[in-house]
Q: 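Before anything else, here's the structure in question.
Atom set for the values below is all heavy atoms of this structure, side chains included, hydrogens, waters and symmetry mates excluded. In what follows, residues are counted from 1 in the order of the sequence shown.
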Amino acid sequence: MAVKARFSRMRLVSETLVESSCDLSHHDGQLRREAIMAFTRRWFFGLLAVLPLAGRAIAQEGSVPLADGSPETIEPSPLARANVATLHRYMAAMNSGDVPAAVAFFAPDTRNHGKPVGKPGLTRVLTDLRTMFPDYRHEAIEMTAAGDVVIARNKVSGTHKGVGKIPVEGGMLVGVAPTNKSFVVQHIHWWRFRDGLIVEHYATRDDLDMMQQLGLLPTQTG
């Protein structure tokens, strides 16, 4: 119940973001964008505060909490709607294992967690993920979009069948023999778009719970 209550509060923040962005429509474009980004950051970091508690609930219940209401809170603008549609297409490509198609949704100068990686870096990351988890899958549970930013709470799953070569997923699976076990956790992802392409990405993942479900870390009780 605590997890549900906290996510309900996060939903109220996201609704405030949309309402505020509409109220600011009479201001100049720069002021409006700055206000939207400020509300978006509050929403994002509020979700980060919830993630550890939600992760414990997932471990206890074995599933990712569903959305309490509408799965999408989107600013009523063509830009926000187009970015959400692009993100759904990106996830579909990634879930199908088509790495080149997934990478095509990123700008050439894209940054991942603040680091300039470009398309070559993203190709290495996604290829390694699909090597470790051939059935690696993201499912958007909730999304919020405003301005050029989209935030999503995702259900993420996969079966450990390959050996990782680069430090993704917390870097804890590099060189680790496959366990053939599966995991289901949740992530919070933040994307910024430019000209219809993803140009910046951040994420907070529940790597601890993933490693516990794969049998690579002990599960705490009590």
Q: Is it possible for you to say whether Val199 and Leu79 belong to one hydrophobic cluster, with membership spreading through side-chain heavy-atom contacts below 4.5 Å?
A: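 No, it is not one cluster - the side chains of Val199 and Leu79 are not joined through contacts under 4.5 Å.
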
Q: Using modelled atom types and a 3.5 Å cut-off, is there a donor and acceptor pairing between side-chain atoms of Asp128 and backbone atoms of Lys165?
A: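 Yes, because the side chain of Asp128 sits within donor-acceptor range (under 3.5 Å) of the backbone of Lys165.
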
Q: How many angstroms lie between atom CG of Asp148 and atom CD1 of Ile198, to the nearest 0.5 angstrom?
A: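 Reported value, rounded in 0.5 Å steps: 12.0 Å.
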
Q: Got a sec, which residues hit ring pair (Phe, Tyr, Trp, His ring centres under 6.0 Å) with Phe193, two or more places apart in sequence or on another chain?
A: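 With neighbours one apart ignored, the set is empty.
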
Q: Working to the nearest 0.5 Å, report the span between CE of Met132 and CD1 of Ile166.
A: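 Those atoms lie 7.5 Å apart.
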
Q: Is there a side-chain contact between Thr127 and Val125 (heavy atoms, below 4.5 Å)?
A: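 Answer no - side chains too far apart.
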
Q: Measuring only between side-chain heavy atoms, which start at C-beta, is Asp209 closer than 4.5 Å to Gln213?
A: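 Answer yes - side chains close enough.
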
Q: Can a donor-acceptor pair be found, under 3.5 Å and without considering hydrogens, that links the side chain of Arg81 to the backbone of Ile74?
A: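 Between the backbone of Ile74 and the side chain of Arg81 there is no qualifying donor-acceptor contact (under 3.5 Å).
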
Q: What residue among Arg205, Glu139, Arg153 forms side-chain hydrogen bond (donor to acceptor under 3.5 Å, both in side chains) with Gln186?
A: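 Passing option: Arg153.
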
Q: Side chains of Phe183 and Met211, heavy atoms from C-beta outward: is any pair under 4.5 Å?
A: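 Side chain of Phe183 against side chain of Met211, heavy atoms only: no contact under 4.5 Å found.
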
Q: Looking only at heavy atoms, what is the nearest atom pair of Val184 and Ser157, with distance?
A: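 That closest heavy-atom pairing would be CG2-CB, 4.0 Å.
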
Q: Enter the distance from Lys119:NZ to Phe105:CZ here, rounded to the nearest 0.5 Å.
A: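 The distance works out to 10.0 Å.
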
Q: Can you pull the side-chain hydrogen bond (donor to acceptor under 3.5 Å, both in side chains) pairs that have at least one residue in residues 92-110, sequence neighbours excluded?
A: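 Output for this query lists Asp109-Arg194.
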
Q: Once you measure the plane-to-plane angle for His201 and Trp191, does it fall in the parallel (<30°), tilted (30-60°) or perpendicular (>60°) bin?
A: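 Geometry flag for Trp191 against His201: tilted rings.
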
Q: Please round to the nearest 0.5 Å and tell me the distance separating atom CD1 of Ile151 and atom CG of Leu87.
A: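 Rounded to the nearest 0.5 Å, the CD1-CG separation comes to 11.5 Å.
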
Q: Would you please say whether a donor-acceptor pair under 3.5 Å links the side chains of Arg89 and Thr86?
A: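 Side-chain D/A pair, Arg89 to Thr86: present.
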
Q: If you look only at distance, which donor and acceptor atoms sit under 3.5 Å apart when one is on a side chain in residues 168-182 and the other is two or more places apart or in another chain?
A:
residue, atom, partner, partner atom, Å
Thr179, OG1, His160, ND1, 3.3
Thr179, OG1, Lys181, N, 3.2
Ser182, OG, Thr159, OG1, 2.7

Q: If I take atom CG from residue Asn83 and atom OH from residue Tyr90, how far apart are they, to the nearest 0.5 angstrom?
A: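 These two atoms lie 14.5 Å from each other.
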
Q: Is there a path of hydrophobic side-chain contacts, each under 4.5 Å between heavy atoms of I/L/V/M/F/W/Y residues, joining Leu197 to Val84?
A: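 Per the 4.5 Å side-chain linkage, Val84 and Leu197 are not co-clustered.
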
Q: Just how far is it from atom NZ of Lys155 to atom NE2 of His138, taken to the nearest 0.5 Å?
A: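 The NE2 atom of His138 is 13.0 Å from NZ of Lys155, to the nearest 0.5 Å.
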
Q: What are the two closest heavy atoms between Thr123 and Val103, and how far apart are they?
A: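 Result for this residue pair: OG1-CG2, 3.6 Å.
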
Q: Above 12 or not: heavy atoms from other molecules or residues under 6.0 Å from CZ of Arg130?
A: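 Yes - once you tally the heavy atoms of other residues, nucleotides and ligands closer than 6.0 Å, there are more than 12.
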
Q: Please give me the minimum heavy-atom distance between Thr131 and Pro134, naming the atom from each residue.
A: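 Nearest heavy atoms, Thr131 then Pro134: O-CD, 4.1 Å.
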
Q: Are Leu208 and Val156 connected, step by step, through hydrophobic side chains (Ile, Leu, Val, Met, Phe, Trp, Tyr) whose heavy atoms are closer than 4.5 Å?
A: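 Same cluster: Leu208 reaches Val156 through Ile, Leu, Val, Met, Phe, Trp or Tyr contacts under 4.5 Å.
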
Q: Are side-chain heavy atoms of Met94 and Leu129 found at a separation under 4.5 Å?
A: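 Contact flag for Met94/Leu129 side chains = no.
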
